[in-house]
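Just below is one structure, and these are the notes that go with it.
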Amino acid sequence: MRKINEIFYSLQGEGYHTGTPAVFIRFSGCNLKCDFCDTRHETGEMMTDEEIVNEVKKYPAVITGGEPSLWIDDAFIDLLHGAGKYVCIETNGTKPLPAAIDWVTCSPKQGVKLALNRMDEVKVVYEGQNIDVYEQLPAEHFFLQPCSCNNTAETVDCVMRHPRWRLSLQTHKLINIL
């Protein structure tokens, strides 16, 4: 059984896959408690793997949270692949992940030790911190995102000074979709 906050179909609003339709599997619970998190960790429903797979049907799957690495394993990823899913994960990177995940988005937090060997993109929620430390991470794509759309001008300025980074906006919030 896995604790699911919600499963919903929408457009990816952040990072490399912005604008792509996907089914989001949002897990409850996290090992970090970031002030800006938009997941209600106290809510959720315990679901079997089969119930989850039946909910997601025909679109790419984005596993998010909370922190999904607290809930997933190789067998769950194999079930999603068996259902024809391309599996993306958004993680804080503090726990190892099943190797078969197709796309890894790591959103590291300040001062936290990472446990990932692989990441396709790094997405940092910008709160004025030094982003140079993240440029050593083994990723091809680097995104800087305003914190809850509140510090966009400062984030744009930081991206302009660090051209390796691209601006990521929470477009789902800007256009008012889930």
Side-chain angles (χ1 to χ4, degrees), residues 1-34 36-125 133-143 145 168 170 172 178:
M1 299 289 283
R2 302 174 197 279
K3 190 174 181 185
I4 303 297
N5 183 275
E6 62 183 332
I7 297 175
F8 61 96
Y9 178 61
S10 189
L11 296 178
Q12 174 57 275
E14 306 170 8
Y16 185 83
H17 290 100
T18 296
T20 304
V23 170
F24 290 81
I25 305 168
R26 185 182 305 275
F27 287 84
S28 291
C30 185
N31 57 331
L32 304 178
K33 299 295 181 203
C34 303
F36 53 79
C37 186
D38 56 6
T39 300
R40 296 174 316 277
H41 297 288
E42 63 280 355
T43 63
E45 174 185 349
M46 298 302 290
M47 296 176 72
T48 67
D49 290 352
E50 293 74 22
E51 290 171 328
I52 296 167
V53 170
N54 286 336
E55 287 287 323
V56 300
K57 303 276 190 244
K58 61 182 179 175
Y59 300 101
V62 176
I63 301 170
T64 187
E67 179 46 45
S69 67
L70 300 173
W71 293 96
I72 63 171
D73 54 22
D74 291 309
F76 182 66
I77 301 305
D78 290 345
L79 274 172
L80 290 172
H81 281 148
K85 296 294 172 203
Y86 178 85
V87 180
C88 303
I89 190 168
E90 296 182 9
T91 177
N92 63 29
T94 59
K95 303 286 182 191
L97 298 175
I101 293 173
D102 299 300
W103 185 271
V104 177
T105 299
C106 180
S107 184
K109 307 303 182 271
Q110 294 184 63
V112 174
K113 184 175 173 19
L114 299 179
L116 298 182
N117 296 327
R118 172 191 156 229
M119 50 190 81
D120 297 290
E121 73 177 297
V122 171
K123 182 179 66 177
V124 173
V125 175
V133 298
Y134 302 115
E135 291 186 359
Q136 307 307 314
L137 296 175
E140 185 175 343
H141 307 281
F142 291 82
F143 293 91
Q145 182 170 293
S168 175
Q170 293 178 296
H172 57 292
L178 188 60

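- L116 is listed as a side-chain neighbour of T91, based on a closest heavy-atom distance under 4.5 Å.
- Within the 4.5 Å cutoff, the side chain of D73 has heavy atoms near those of the R2 side chain.
- Scored by the side chain to side chain contact (heavy atoms under 4.5 Å, CB included) test, L79 finds D49, E50, V53 as partners (sequence neighbours excluded).
- A donor-acceptor pair under 3.5 Å is formed between the side chain of D120 and the backbone N or O of V104.
- Residues I101 and I72 have side chains in contact (heavy-atom distance under 4.5 Å, counting atoms from C-beta outward).
- The side-chain heavy atoms of F27 and T64, taken from C-beta on, include no pair separated by under 4.5 Å.
- Residues passing the side-chain hydrogen bond (donor to acceptor under 3.5 Å, both in side chains) test with D78: none are found, sequence neighbours excluded.
- Listed by chain and number, the residues in a side-chain hydrogen bond (donor to acceptor under 3.5 Å, both in side chains) with N92 are N31, E67, T94 (sequence neighbours excluded).
- In this model, no donor atom of one side chain and acceptor atom of the other lie less than 3.5 Å apart for E14 and S168.
- The minimum heavy-atom distance between F24 and Q12, with the atom names listed, is CZ-CA, 3.6 Å.
- The shortest distance between side-chain heavy atoms of I52 and F76 falls below 4.5 Å.
- With K85 contributing its side chain and V56 its backbone, the two residues share a donor-acceptor pair below 3.5 Å.
- Taking 4.5 Å as the limit, some side-chain heavy atom of Q110 sits within range of a side-chain heavy atom of Y134.
- Between P138 and R118, every side-chain heavy-atom pair lies at or beyond the 4.5 Å cut-off.
- Taking Y16 as the reference, W103, H141 meet the ring pair (Phe, Tyr, Trp, His ring centres under 6.0 Å) condition, with sequence neighbours excluded.
- Scanning for side-chain hydrogen bond (donor to acceptor under 3.5 Å, both in side chains) contacts around E135 gives W165, with sequence neighbours left out.
- Annotation: side-chain hydrogen bond (donor to acceptor under 3.5 Å, both in side chains) contacts of S107 (sequence neighbours excluded): K109.
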